[in-house]
Amino acid sequence: MRFRIFTEPQEGASYDDLLAVASLAEDLGFDAFFRSDHYMGFFGGDALPGPTDAWTTLAGLARDTTRLRLGTLVSPITFRAPGPLAITVAQVDAMSDGRVELGLGAGWNAREHAAYGIPFPDTGERFELLEEQLAILTGLWTTPLGASFSFEGAHYTVDDSPALPKPVQRPHPPVVIGGFGPKRTPRLAATYATEFNVGFAPPPMFPEAVGRVQAACERLGRDPATLGISIANTVVCGADDAEVARRAQAIGRTADQLGGAIAGTPAQVVDTVGVYRDGGADTVYFQVLDLHDLDHLRLLAAEVVPAFS
């Protein structure tokens, strides 16, 4: 299994904070560092110093790390037009020597859009935008050198684009799509995704979401085994119950409020991850909310990850 660190910088983190987490994650052998793509916090607190742009952050980390894979979980289609996003991702892929992944979604946080002057269409239109962006991104990246790419959709038109630059990874960087939707999300993942991510699902709910996307693959003639499956969930791990409670308190929760999370002692966390693995997951994103508690990462690397090697 692959183990990845997933952060929420909009709740309050500078680039240096993120670099410290990413550097340690790399040193400890984690597979990847992913971050959310939000412009406002929503867990409470002052969220100082304020938001950092996801792709600016990843560009910096591309030069400040050497092995760690880097990505977003996930970038909303409302933040960026598809052509410039294709250029940005390809450039960061080059800056990282082929270590970038793009998580893309329809977006959900209306408040951050209002706060920063970003249009926020209704859910149906956002899913239409998502589908068109996926078609444009993959089309631009996979168009042969010397050829051009055009697209005519209900929302976007691309006219005779040179489709440059090309990403380092071929045919393109991995695309991560996730969600719980019963119809549109599984179809889009089966059509475009390298990996399907289920976010914050308790273990009993996980196999159902996996089954829907695998059924969508079969309907579209895709071998379900070619689609990676991942779980992202909050992690609160402690050497004993007291340390679990302390780490829960640090993120504004009590031990009793961790029922849906990957939580407990290392042995308990191993058991929970094992249930996700048995449900089809090949990748786990540990959502780490206290970015200053670096010993948390050290504990996970020392006592949880080796159980799956």
Side-chain angles (χ1 to χ4, degrees), residues 4-22 25 32-61 70-82 84-85 88-89 92 100-130 133 155 176-181 185 197-201 232-236 247-254 257-258 260-261 285-293 296:
R4 299 178 156 190
I5 299 300
F6 167 39
T7 63
E8 301 277 357
Q10 75 279 352
E11 303 305 323
S14 66
Y15 176 77
D16 287 341
D17 293 329
L18 298 175
L19 175 59
V21 173
F33 173 93
F34 273 58
R35 58 156 293 163
S36 60
D37 194 349
H38 287 294
Y39 290 144
M40 284 187 69
F42 41 86
F43 293 156
D46 57 25
L48 292 175
T52 51
D53 181 79
W55 285 97
T56 303
T57 298
L58 296 180
L61 293 176
L70 305 165
T72 53
L73 204 64
V74 296
S75 290
I77 45 84
T78 47
F79 282 7
R80 301 167 187 90
L85 179 59
T88 297
V89 175
V92 180
V100 157
E101 305 188 14
L102 171 64
L104 198 66
W108 61 270
N109 191 326
R111 179 70 192 103
E112 66 185 341
H113 289 75
Y116 286 95
I118 304 168
F120 189 68
D122 62 36
T123 302
E125 183 175 340
R126 296 200 313 278
F127 268 91
E128 292 173 4
L129 292 167
L130 174 59
Q133 284 212 14
H155 302 282
V176 182
I177 297 175
F180 285 100
T185 299
N197 177 261
V198 182
F200 309 104
N233 207 343
T234 307
V235 64
V236 180
R247 288 200 162 111
Q249 183 178 28
I251 61 172
R253 303 184 192 182
T254 67
Q257 295 173 320
L258 298 175
Y285 292 83
F286 287 134
Q287 186 201 47
V288 177
L289 295 178
D290 184 355
L291 299 182
H292 300 286
D293 183 4
H296 197 187

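Scope of the values below: all heavy atoms of this structure, side chains included, with no hydrogens, waters or symmetry mates. Values in this document were obtained by computation on a predicted structure and should not be read as measured data.
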Asker: Contact between L104 and L85 at the side-chain level, heavy atoms closer than 4.5 Å - yes or no?
Answerer: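 A side-chain contact under 4.5 Å exists here.
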Asker: Under the 3.5 angstrom rule, does the side chain of R126 hit a backbone N or O of G107 as a donor-acceptor pair?
Answerer: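 At least one qualifying donor-acceptor pair exists.
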Asker: Is the F79 to W55 ring centre distance short of 6.0 Å?
Answerer: no
Asker: Could you walk me through whether E101 and V176 satisfy the side chain to side chain contact (heavy atoms under 4.5 Å, CB included) test, starting with their C-alpha distance in whole Å, then the side-chain angles of each, then the deciding distance to 0.1 Å, before giving a yes or no?
Answerer: CA-CA 7 Å; E101 305 188 14; V176 182; 4.2 Å; yes
Asker: To the nearest 0.5 Å, tell me how far E128 CD sits from I77 CD1.
Answerer: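 The distance works out to 10.5 Å.
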Asker: Might you point out which heavy atoms bring T78 and P121 nearest each other, and give the distance in Å?
Answerer: CG2-CD, 4.2 Å
Asker: Look up atom CG in L291 and atom CD1 in I5, then write down how far apart they are to the nearest 0.5 Å.
Answerer: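 Going from the CG atom of L291 to the CD1 atom of I5 covers 10.0 Å.
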Asker: For a side-chain hydrogen bond (donor to acceptor under 3.5 Å, both in side chains) with H38, tell me which candidate from Q10, E112, E11 qualifies.
Answerer: E112
Asker: I need the L258 CG to N233 CG distance, nearest 0.5 Å.
Answerer: 10.0 Å
Asker: Is it the case that the side chain of E125 and the backbone of D122 share a donor-acceptor pair, with hydrogens and angles ignored and the cut-off at 3.5 Å?
Answerer: no
Asker: Quick one: list whatever passes side chain to side chain donor-acceptor pair (under 3.5 Å) with Y15, sequence neighbours left out.
Answerer: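 Partners of Y15 by the side chain to side chain donor-acceptor pair (under 3.5 Å) criterion, ordered by chain and then number, come out as D64.
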Asker: Please examine the side chains of D37 and V74, heavy atoms only from C-beta on, and report whether any two atoms are closer than 4.5 Å.
Answerer: no
Asker: Verify whether one side chain among T88 and R80 offers a donor that lies under 3.5 Å from an acceptor in the other.
Answerer: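 Looking only at side-chain atoms, R80 and T88 do not form any donor-acceptor pair under 3.5 Å.
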Asker: Which heavy-atom pair separates V21 from F33 by the least distance, and what is that distance?
Answerer: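 Where V21 meets F33 most closely, the heavy atoms are CG1-CE1, 3.9 Å.
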Asker: Looking only at non-hydrogen atoms, find the nearest pair between T185 and G178 and report the distance.
Answerer: CG2-O, 3.6 Å
Asker: Could you give the distance from OG1 (T72) to CG (L102), rounded to the nearest 0.5 Å?
Answerer: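 Between T72 OG1 and L102 CG, I get 5.0 Å after rounding to 0.5 Å.
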Asker: Could you give the distance from CG (N197) to CZ (F34), rounded to the nearest 0.5 Å?
Answerer: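 CZ of F34 is found 9.0 Å from CG of N197.
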Asker: Supply the atom-to-atom distance R35 CZ to L73 CG, rounded to the nearest 0.5 angstrom.
Answerer: 11.5 Å
Asker: Kindly indicate whether the side chain of R253, heavy atoms from C-beta on, has any atom under 4.5 Å from the side chain of V236.
Answerer: no
Asker: Any side-chain heavy atom of S36 within less than 4.5 Å of one from P9?
Answerer: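 Touching, per the 4.5 Å side-chain cut-off.
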Asker: Taking all non-hydrogen atoms of both residues into account, name the closest pair between G12 and P49 and its distance.
Answerer: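 Closest heavy-atom pair between G12 and P49: C-CD, 4.4 Å.
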